[in-house]
Amino acid sequence: MAAPEAWRARSCWFCEVAAATTMEATSREAAPAKSSASGPSAPPALFELCGRAVSAHMGVLESGVWALPGPILQSILPLLNIYYLERIEETALKKGLSTQAIWRRLWDELMKTRPSSLESVTCWRAKFMEAFFSHVLRGTIDVSSDRRLCDQRFSPLLHSSRHVRQLTICNMLQGATELVAEPNRRVLETLASSLHTLKFRHLLFSDVAAQQSLRQLLHQLIHHGAVSQVSLYSWPVPESALFILILTMSAGFWQPGPGGPPCRLCGEASRGRAPSRDEGSLLLGSRRPRRDAAERCAAALMASRRKSEAKQTARAAPAARVTRRSTQESLTAGGTDPKREPLPPATSHEAPGTKRPPSAPATTSSASASSSSTSSSKRAPASSAPQPKPLKRFKRAAGKKGARTRQGSGAESEDLYDFVFIVAGEKEDGEEMEIGEVACGALDGSDPSCLGLPALEASQRFRSISTLELFTVPLSTEAALTLCHLLSSWVSLESLTLSYNGLGSNIFRLLDSLRALSSQAGCRLRALHLSDLFSPLPILELTRAIVRALPLLRVLSIRVDHPSQRDNPAVPGNAGPPSHVIGDEEIPENCLEQLEMGFPRGAQPAPLLCSVLKASGSLQQLSLDSATFASPQDFGLVLQTLKEYNLALKRLSFHDMNLADCQSEVLFLLQNLTLQEITFSFCRLFEKRPAQFLPEMVAAMKGNSTLKGLRLPGNRLGNAGLLALADVFSEDSSSSLCQLDISSNCIKPDGLLEFAKRLERWGRGAFGHLRLFQNWLDQDAVTAREAIRRLRATCHVVSDSWDSSQAFADYVSTM
């Protein structure tokens, strides 16, 4: 009896509130009603008036509203503002109520954008609150403009921050300064635990204050937070200092900027223990902060450039470029160039009780530095770890244009921005390849400290991200060298995406850094997505090099839009890549499970592709885009290799390939009893001999009981081809096909209706999904609707309203 009594008490309380609200509302609305020119409007219902009053006084009535019975609470939910609607979510679920429809209506009315058709929204509350947070942070929404968004008792940023899983920073780093401000400290702490993905879009040049705010923001969100993915999009002219800052912070390195406050979280973490000399300089910023990875990379570039200038001055004739092999031999032998200024050696963790030697002054000569280095190496025992060497300050070359001078007494000459801007200002044409060769030689199995690029595992590191994505961000020499040096020890990285970054010859540095990363204990890199307009290596040789460098890779997606110079042997002056990159030795067995390749125009050597497939015994999914082979026999060789060596292959996809002359090879594929899904997208399958080929294709499919999905978009199937495919689902067929894609196949409504009737005649559930995008169904809308109605009785139909007036132009363009 306790529950009914409680229900009756709550109902009585609600009625009392309703009566008081009615009296108040009546007196308030009486005056406007008398002066209304159009006559009195229908008064709001008593329950609605009560609900509005309850919503306006939720600060006092919240606990009572939570205890209301489900039917009453359900009517009040749409009247609450977003803050109380979010707070009452758990109580509503316990009473069997859902707020998803309310949040969806709020999205449509307030955000006024339609989600992508490819996006599957599982929680509208989280989607709304995340978008609401971003709009408030950027100042693109006025919370006072709508009563559902405005409540003085709540902070919009703080209340919505716990729902933010993805945050986007745009243009001139808007929002970074606001998030690190002291009034929003709790907001930042909440974001540190909820945020997983950080995106940068369309970044522009920013001032030092904004970069300092971004430094603190990244430190808390990545090093002390839960951010695991950083993505950069559409940055046509990257600012070197800002880009390197984002990279180094993502890799786990941090030190406060000039004049920046120490990190409170780092102080709490190190409380109770005395930090080492290295750790103190890294976390709290000593008088002479230790160079981070970006500074060392820039210093290495600077020293390499000085070496090049010295050679050009000493010789009258053009100097020959230093080859990788001679560079490595000289580095291994320990020889030093007297004309070259000594580079900063690698730093490492010091043993307990070991004192670090003082830094040498900037005017120390290279000869004395070389002799002291040699003598110290002789004194050190062979079995002991290398001792840290003094850091050298680099002097700016005299007379160089664009030199920058730091202003202010507190500025440090070793600041990150000094090195980046000096190197960027002194960049000259023709130096990039030489620097690349030297740096690439250092990354190729030799000691990075020889070029001033110390091993990063010897430095104090914070937590780093696991996914890095760079979309349309051109990489300069400095940025590429920094990225490659960071990658060489970025063991926490699991997925790397480099899309249209203009790597050029920097691809060799990338391969060397990936090879060094693969040799690291605990390397987690399992997915690599690489695409670019050009590549100095043919795509198949590049694929072989990547697979050889990363044998534990699971997913590899690679695309090159235009052929390289090496695809044309007539190009003069093509020295070719280093021999260790394109070795002729067999590729060792790898763990590749998914391989996607987008080829440039031109015939591809089938033996190279077969060598990759033979080494990938665990391959489950293969996709070839725009691949061209010299003859159908070469294509047949690839398919035969798949059958013999890739027994685990389940999904096979071909896109934009001319297979009109490979009909026997296509039949060979359809008879493969291991494949579960095959895609022939825009492959011109039925361009030749359609009357003979279609029955053969249907017969092969009727005997295949393992094939589950067949995708045939853009193959000019037409009504006749569609009706022939209907025989696959006849009573005498053993096919288990459940997904069929016939988009962009010039199918008309009458042909689709006849196809539906044949499926009904056989009386079996033909398949699960039928895709009909971009067909000529608008020519007879009534017949098309009837056909789709019949088809939906046997399968799930996905179609669209497409204007077929463009179909003729599309047809002509593909002839």
Checklist entry - Can you tell which of I222, T177, V180, L173 makes a side-chain contact (heavy atoms from CB on, under 4.5 Å) with L217? => result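 Of the listed residues I222, T177, V180, L173, the side-chain contact (heavy atoms from CB on, under 4.5 Å) partner of L217 is V180.
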
Checklist entry - Which class fits the ring pair F154 and Y83: parallel under 30°, tilted 30 to 60°, perpendicular over 60°? => result parallel

Checklist entry - In terms of ring plane angle, is the pair Y233 and F471 parallel, tilted or perpendicular, where the classes change at 30° and 60°? => result parallel

Listed by chain and number, what are the salt bridge (charged side-chain N to carboxylate O under 4.0 Å, His left out) partners of [X], not counting sequence neighbours?
| X | value |
| --- | --- |
| R711 | E677 |
| K94 | E90 |
| D151 | R153 |

Nearest 0.5 angstrom please: [X] [atom1] to [Y] [atom2], how far?
| X | Y | atom1 | atom2 | answer |
| --- | --- | --- | --- | --- |
| L179 | L137 | CG | CG | 4.5 Å |
| I747 | Q779 | CD1 | CD | 12.0 Å |
| F133 | L158 | CZ | CG | 9.5 Å |
| L468 | S250 | CG | OG | 6.5 Å |

So, the side chain of [X] versus the backbone of [Y]: is there a donor-acceptor pair under 3.5 Å, distance only?
| X | Y | answer |
| --- | --- | --- |
| N81 | Y84 | yes |
| S743 | P713 | no |
| N715 | L717 | no |
| N775 | I742 | yes |
| S194 | S161 | yes |
| K95 | L68 | yes |
| H529 | V555 | no |
| N501 | S499 | yes |
| S228 | S466 | no |
| R651 | S623 | no |

Next on the checklist: Tell me whether the count of non-hydrogen atoms from other residues, nucleotides or ligands lying under 6.0 Å of CZ in R526 goes above 12.
Outcome noted: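 Enclosed.
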
Item to check | Worked verdict on T472 versus S234 for side chain to side chain donor-acceptor pair (under 3.5 Å) | outcome: CA-CA 5 Å; T472 322; S234 302; 4.9 Å; no

What are the two closest heavy atoms between [X] and [Y], and how far apart are they?
| X | Y | value |
| --- | --- | --- |
| S144 | C150 | CA-CB, 4.2 Å |
| V143 | P156 | CG1-CG, 4.3 Å |
| A726 | R758 | CB-CD, 4.2 Å |
| H655 | D625 | CD2-OD1, 3.0 Å |
| L77 | T99 | CD1-CG2, 4.1 Å |
| N719 | D750 | ND2-OD1, 3.1 Å |

Checklist entry - Just checking, any donor-acceptor pair under 3.5 angstrom between side chains of E469 and T467? => result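 E469 vs T467: no donor-acceptor pair found between side chains.
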
Side chains of [X] and [Y]: closer than 4.5 Å at any heavy-atom pair?
| X | Y | answer |
| --- | --- | --- |
| H769 | C738 | no |
| F729 | L737 | yes |
| L470 | F243 | yes |
| W103 | L85 | yes |
| L198 | L218 | yes |

Checklist outcome for this item: Residue set satisfying side-chain contact (heavy atoms from CB on, under 4.5 Å) with S193, at least two apart, ordered chain then number -> none

Next on the checklist: Could you work out, with ring-ring contact (aromatic ring centres under 6.0 Å, His included) as the rule, every residue matching H163, not counting sequence neighbours?
Outcome noted: none

Checklist entry - Does the side chain to side chain contact (heavy atoms under 4.5 Å, CB included) test come out yes or no for F773 and S744, once each step is laid out? => result CA-CA 6 Å; F773 292 110; S744 304; 5.8 Å; no

Test side-chain hydrogen bond (donor to acceptor under 3.5 Å, both in side chains) applied to [X] - qualifying residues, sequence neighbours left out:
| X | result |
| --- | --- |
| E494 | none |
| R138 | none |
| W107 | none |

Checklist entry - Step by step, would you call D146 with R148 a salt bridge (charged side-chain N to carboxylate O under 4.0 Å, His left out)? => result CA-CA 5 Å; D146 195 295; R148 294 168 294 184; 3.0 Å; yes

Checklist entry - What ring-ring contact (aromatic ring centres under 6.0 Å, His included) pairs are there with at least one residue in residues 166-203, not counting sequence neighbours? => result none

Item to check | Pairs flagged by salt bridge (charged side-chain N to carboxylate O under 4.0 Å, His left out) wherever residues 172-182 is involved - sequence neighbours left out | outcome: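 As it turns out, the salt bridge (charged side-chain N to carboxylate O under 4.0 Å, His left out) pairs with a partner in residues 172-182, which skip direct neighbours, are E182-R185.
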
Item to check | Of all pairs that satisfy salt bridge (charged side-chain N to carboxylate O under 4.0 Å, His left out), the ones with a partner from residues 218-228, not counting sequence neighbours | outcome: none

Item to check | Ion pair check, E189 and R186, cut-off under 4.0 Å | outcome: no

Checklist entry - Do E786 and R789 pass the salt bridge (charged side-chain N to carboxylate O under 4.0 Å, His left out) test, and can you show the C-alpha distance, the side-chain angles, and the key distance before you say yes or no? => result CA-CA 5 Å; E786 175 64 17; R789 185 189 66 80; 2.7 Å; yes

Next on the checklist: Using the rule given for side chain to side chain contact (heavy atoms under 4.5 Å, CB included), can you reason through L203 versus I246, listing the C-alpha separation, both sets of side-chain angles and the distance that settles it, and then say yes or no?
Outcome noted: CA-CA 12 Å; L203 292 183; I246 296 175; 4.2 Å; yes

Side chains of residues 124-132: which donor-acceptor partners sit under 3.5 Å, not counting sequence neighbours?
| unit_1 | atom_1 | unit_2 | atom_2 | d |
| --- | --- | --- | --- | --- |
| K127 | NZ | E119 | OE2 | 3.0 |
| E130 | OE2 | R165 | N | 2.7 |
| E130 | OE2 | Q166 | N | 2.8 |

Item to check | side chain to side chain contact (heavy atoms under 4.5 Å, CB included) between R554 and S495, worked out | outcome: CA-CA 10 Å; R554 302 291 178 86; S495 177; over 6 Å; no

Next on the checklist: Set out, in order, the CA-CA distance, both residues' side-chain angles and the distance that settles side chain to side chain contact (heavy atoms under 4.5 Å, CB included) for L188 and L221, then state yes or no.
Outcome noted: CA-CA 8 Å; L188 188 56; L221 294 182; 3.9 Å; yes

